[in-house]
Novice: 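Attaching a single structure in structure tokens format; questions to follow.
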Amino acid sequence: MGQNVLEINDLSVKYKVYEGVLDVIPDLSLYVQEGERVGLVGETGSGKTTVLKASAAILGNTPAIVNKKELKVCGLSIDGIRGKKNVRKNVSMIFQDPSTSLNPTLKIQTQMLDILKSQFPKKSKGFYHEMMMRALKSVSMPAPERVLDSYPIQLSGGMRQRVCISMALMKNTKIIIADEPTTALDVTIEEQILELIDDLVKKEKKSLILVSHALGTVRKITDRLYVMYAGQIVESGLTKDIFDNPHHPYTIGLIDATPKLTGNGIADGIAGDIPSYLNPPKGCRFAPRCPRATQICREQAPVLEKMEGSVDRFVSCHNLEVSEKPVVSSLT
Amino acid sequence: MKEGLIYVFKRFIHILIILLVLSFIVFSFIRLIPGDPVKSTLGPLASEESVNRMTHELYLDRPLVVQYGHWLKNVVTQGDFGKSLLTSRPVSLDIKEYLPRSLELCFLSALMILVFGVLFGTISAVFRNTWIDNVIRFLTYLGVVTPPYAFGVLFLLIFSYLLKWFPIGGLPRFSPENVRTGMLSIDALLMGNFSLFIKVLQSYFLPCLSLAIGSIAYQARIHRSAMVENVNADFIAFAEVAGVSKSKLIFKHLMKPSFIPTLTVYGLQVASLLGNAFIIESMFRINGFSQYSLNVILNKDPYGIVAVTFIFGVIFAVVNLCIDIGVVALDPRIRLKGAE
């Protein structure tokens, strides 16, 4: 694998709200290499989207306090206005809900044109039209002419997400950030969209960060995986390794909670909820829900440490030595 | 565009029906008010013969439906709203004299509301949560809670009496042959007299500002909140990451959807300007329609009241139609649904 196209070191994000300050992400580091497909999983509210938004430098619109020690895109810092430009040049993002990520009052054509005009200023109408048609055809959009002349409301959810993907790809960037791109779509469309993203990423040799609740999807598409809980990465490593042999109790619970084709019904999931960010637990953030939690977990936060004899495998847990529950990995 | 036209046509039919119903209701309710307008006009010493004659002339001795039919026929065919008992002239003549001035006043105020409301709202939203935003929010709050006459007095005192920048009430007088539309600024322009035009605008400035300032403040607040709501919308973040330039992002992608609530509220503000204008009109000695309508109502002038209410209804409806057209032009969601 080549160089890091995205590198986040010691990112911390807090949100100011009425009740106080939410310490959402205390300290987080991750990297994505060239041509690598990285997954980011974790339950709702674990801060996945916040990480992505920090990477795309759009947290400025929210009441977030971002304290990034180092955040680099393609080797360039994303601090300040110039940094924002670096990000815009190198990062594309696909959002979760296609029904809200397109401007409801502008035609698809207008929205695409505005993106193109900032990318390729002062070109002829024909050039822009050609580009838009090519972008729509690249996502196998039926009837692209009609789509261009439509408002978002006139398109179906799947079509809107295709439009979003084509718009994200119009910029020739190295990184594509996909924030649960299929959550708002139905199952048949979900499959198509994921295949589409996978194809495009492979064909154009781009790096991908995929956030998803669907572990099956993540397993199929990504090379490497980060598991997040309450704003922290609890486990990371090659996707295959993690699914074959999860170490962190949260990862184990997460994988167990997925319904399996082999039957045995649906597991109970992990009892409890994500802790309040207003006043997070002093020790390990997962301790209140952890079946293995001991005294030390409640008092001292574990550190993400490399496991001995592993390839890029990191886990943050005090009680790894406890005999592990065997995991039936029949996820497909 | 076809969907838009269908929608507007539908709204137009609605308005016609509403105006018909409105006029009929007002027409019948006037008859329910105790006291005979004819007797109160002619005085207690009038002979029964003259009372009867006048009652007959005013169509008041016939059944209600016939009266209404007669009135409606005259309105539609000749623009004749009947005769006012207050001024002893056809009501339509009175309206023609008083209405243009008030319309002018309201139109200028409406312009101020739109320009300054949106301007301050946008500034406030772009610099949200900074001191600029806080100052604007404080001032607009003050503007919303202060009644217009308080501003009127204040402005008269400061700008007219102390600084002498503007005249203390009143409007420039025009000789009758120069009155063509009744709207002074347009008449001045038609005369080709530019300095008079400036003078007219000067006399209108303070009353318009006093009338508009509350609405400007309200409008600014609405526009700010609409924009701030959309700033956090996914489509703005998406467009931003996708690389839409900053100015286009604010003035096109953000402004267009934010204008929908702004415009809706704007319609209500503008439509109610005429009704709120009477204090301002009397304070600045503008002999306008609002004052006329108040007099008519206080004097129980049957045809006057119906006409005035009808005119208010028409203005409300027309303003709302314009706003609806505006909203439809802005929002494809309404346009596409409305045409179904």
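So that the names make sense, note that chain A is the first sequence line, chain B the second, and so on, each numbered from 1.
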Novice: To the closest 0.5 Å, what do you measure between CZ (F235(B)) and OG1 (T100(A))?
Specialist: 9.0 Å

Novice: Heavy-atom count around Y149(B) OH within 6.0 Å, excluding the residue itself: above 12?
Specialist: no

Novice: Is the CZ atom of F107(B) crowded by more than 12 outside heavy atoms at less than 6.0 Å?
Specialist: no

Novice: Go through the atoms of A242(B) and report whether side chain, backbone, both or neither lie under 4.5 Å from a heavy atom of chain A.
Specialist: both

Novice: Between the side chains of S101(A) and D234(B), does any donor sit under 3.5 Å from an acceptor?
Specialist: no

Novice: For the residue pair S118(A) and S245(B), what are the closest heavy atoms and their distance?
Specialist: CB-N, 4.3 Å

Novice: For N103(A) and H253(B), indicate whether the former's side chain and the latter's backbone hold a donor-acceptor pair under 3.5 Å.
Specialist: yes

Novice: Would you check if the side chain of K53(A) reaches a backbone N or O of A237(B) as a donor-acceptor pair within less than 3.5 Å?
Specialist: no

Novice: Rounded to the nearest 0.5 Å, what separates atom NZ in K252(B) from atom CD in Q111(A)?
Specialist: 9.0 Å

Novice: Relative to chain B, which segment of Q154(A) carries a heavy atom at a distance below 4.5 Å: side chain, backbone, both, or neither?
Specialist: side chain

Novice: If I measure from the heavy atoms of chain B, does S92(A) come under 4.5 Å with its side chain, its backbone, both, or neither?
Specialist: backbone

Novice: Does E229(B), at its CD atom, have more than 12 non-hydrogen atoms belonging to other residues, nucleotides or ligands within less than 6.0 Å?
Specialist: no

Novice: More than 12 foreign heavy atoms under 6.0 Å from CZ of F116(B): is that the case here?
Specialist: no

Novice: Assess whether atom CZ of F127(A) is packed by more than 12 heavy atoms of other residues, nucleotides or ligands within 6.0 Å.
Specialist: yes

Novice: Name, in order of residue number, those residues of residues 256-268 of chain B that have a heavy atom at a distance of less than 4.5 Å from a heavy atom in chain A; otherwise write 'none'.
Specialist: K256(B), P257(B), I260(B)

Novice: Is K107(A) in contact with chain B via its backbone, its side chain, both, or neither, using a 4.5 Å heavy-atom distance?
Specialist: neither

Novice: Which residue out of I115(A), T105(A), D97(A) racks up the most heavy-atom pairs below 4.5 Å with chain B?
Specialist: T105(A)

Novice: So which of I177(A), L106(A), T173(A) has the biggest tally of heavy-atom pairs under 4.5 Å with chain B?
Specialist: L106(A)

Novice: Which atom names give the shortest non-hydrogen contact between P332(B) and Y151(A), and what distance separates them?
Specialist: CG-CD2, 3.2 Å

Novice: Step through the shown structure and confirm whether more than 12 heavy atoms of other residues, nucleotides or ligands are within 6.0 Å of OH on Y204(B).
Specialist: yes

